[in-house]
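Scroll down for the structure; my scribbles are underneath it.
All of these numbers come straight from a predicted model, not from anything done at the bench.
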Amino acid sequence: MLKGIRVYSADAVWRDILRDLGAMVPDTPSSAEINLDSLNISMPVSVIELKAALIDAADSSGIISKLFGSNARLSNLHAQVVVRLYKSGGMTANELKTALGYSADATTHTVNTAIYQLRKMYGHDFIINDGGIYRIGKL
């Protein structure tokens, strides 16, 4: 349910819950995309409410809504690729892999596949490659 999202919490119970939901739970807040402890989520919380709060926190600046409108439905990986490329202004494939939690030396094609899928959905000019730098183009 939270596959691919890096969420930090100092609380051992929350760490276990987050892992059970598929989130990556780093040992330090600096290596996390989201610090759950700083979200001030009021209890009790359902799994759906928790997921919504984490997705909103991952897209804290409303980039997805800004680019696609409020009804956009992207997978977590696609949303992460779009947000990181938008916020950074552009990244190499290795930088993007690292930002998504993969080793730059990993032999995964996950990032390339996500870019291919985004281009297929929104047009080839949506993500452009300019001299080895991927960046957001136009819809």
Side-chain angles (χ1 to χ4, degrees):
M1 174 167 271
L2 298 174
K3 184 178 179 186
I5 299 176
R6 290 188 311 275
V7 185
Y8 171 79
S9 179
D11 184 284
V13 173
W14 272 117
R15 293 174 68 80
D16 288 341
I17 291 169
L18 291 166
R19 280 190 198 99
D20 288 346
L21 294 173
M24 294 183 286
V25 184
D27 294 327
T28 61
S30 61
S31 60
E33 191 173 337
I34 303 165
N35 186 337
L36 181 70
D37 301 340
S38 68
L39 295 182
N40 298 320
I41 296 174
S42 55
M43 298 302 284
V45 63
S46 72
V47 173
I48 298 302
E49 292 168 328
L50 177 63
K51 181 180 179 184
L54 293 173
I55 296 295
D56 287 346
D59 183 23
S60 59
S61 61
I63 292 167
I64 300 299
S65 296
K66 180 179 177 179
L67 290 173
F68 300 101
S70 61
N71 294 330
R73 298 272 183 213
L74 293 177
S75 72
N76 182 49
L77 177 62
H78 291 153
Q80 286 183 36
V81 167
V82 170
V83 168
R84 282 179 172 76
L85 290 178
Y86 185 88
K87 283 184 176 181
S88 69
M91 301 174 109
T92 67
N94 282 344
E95 290 169 338
L96 189 53
K97 267 198 243 182
T98 302
L100 294 170
Y102 299 99
S103 167
D105 299 331
T107 57
T108 181
H109 296 285
T110 303
V111 174
N112 292 337
T113 301
I115 289 171
Y116 169 80
Q117 291 167 338
L118 285 163
R119 285 175 166 168
K120 187 174 179 182
M121 289 186 289
Y122 299 106
H124 188 74
D125 291 337
F126 176 60
I127 296 178
I128 57 175
N129 186 332
D130 186 20
I133 306 293
Y134 288 105
R135 60 185 171 86
I136 299 296
K138 60 181 178 179
L139 278 174

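Residues in residues 96-125 take part in no salt bridge (Lys or Arg N to Asp or Glu O under 4.0 Å) pair, two or more places apart or across chains. Listed by first and then second residue, the salt bridge (Lys or Arg N to Asp or Glu O under 4.0 Å) pairs involving residues 14-27 are R15-D27, D16-R19 (not counting sequence neighbours).
Placement of L67 and L85 within a single hydrophobic cluster is found when ILVMFWY residues are connected by side-chain heavy-atom separations under 4.5 Å, directly or transitively. Cluster membership check: Y116 does not share its hydrophobic cluster with V81, using side-chain heavy-atom separations under 4.5 Å among Ile, Leu, Val, Met, Phe, Trp and Tyr. Using a 4.5 Å cut-off between side-chain heavy atoms of Ile, Leu, Val, Met, Phe, Trp and Tyr, with links allowed through other members, M91 and I128 fall into different hydrophobic clusters. One hydrophobic cluster, built from ILVMFWY side chains closer than 4.5 Å, holds both I34 and V47. A single hydrophobic cluster is seen to contain both I127 and L77, as judged by linkage of ILVMFWY side chains at heavy-atom distances under 4.5 Å, directly or through other members.
Between L36 atom CG and S38 atom OG the span is 8.0 Å, to the nearest 0.5 Å. To the nearest 0.5 Å, the span separating CG on L96 from CZ on R135 amounts to 14.5 Å. To the nearest 0.5 angstrom, I136 atom CD1 is 7.5 Å from L118 atom CG. Between atom CG of residue D11 and atom CD1 of residue I17 there is a gap of 8.0 Å, rounded to the nearest 0.5 Å.
Closest non-hydrogen pair, V7 versus A23, comes out as CG2-CB, 4.3 Å. The nearest pair of heavy atoms linking S9 to D37 is OG-OD1, 2.8 Å.
Listed by chain and number, the residues in a ring pair (Phe, Tyr, Trp, His ring centres under 6.0 Å) with Y122 are F68, F126 (sequence neighbours excluded).
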Mind running side chain to side chain contact (heavy atoms under 4.5 Å, CB included) on N129 and I115 for me, showing each step along the way? CA-CA 10 Å; N129 186 332; I115 289 171; over 6 Å; no
List the steps and the verdict of side chain to side chain contact (heavy atoms under 4.5 Å, CB included) for I133 and T92. CA-CA 5 Å; I133 306 293; T92 67; 3.5 Å; yes
Determine whether N112 and Y134 satisfy the following criterion, side chain to side chain contact (heavy atoms under 4.5 Å, CB included), listing intermediate values before the conclusion. CA-CA 11 Å; N112 292 337; Y134 288 105; 4.2 Å; yes
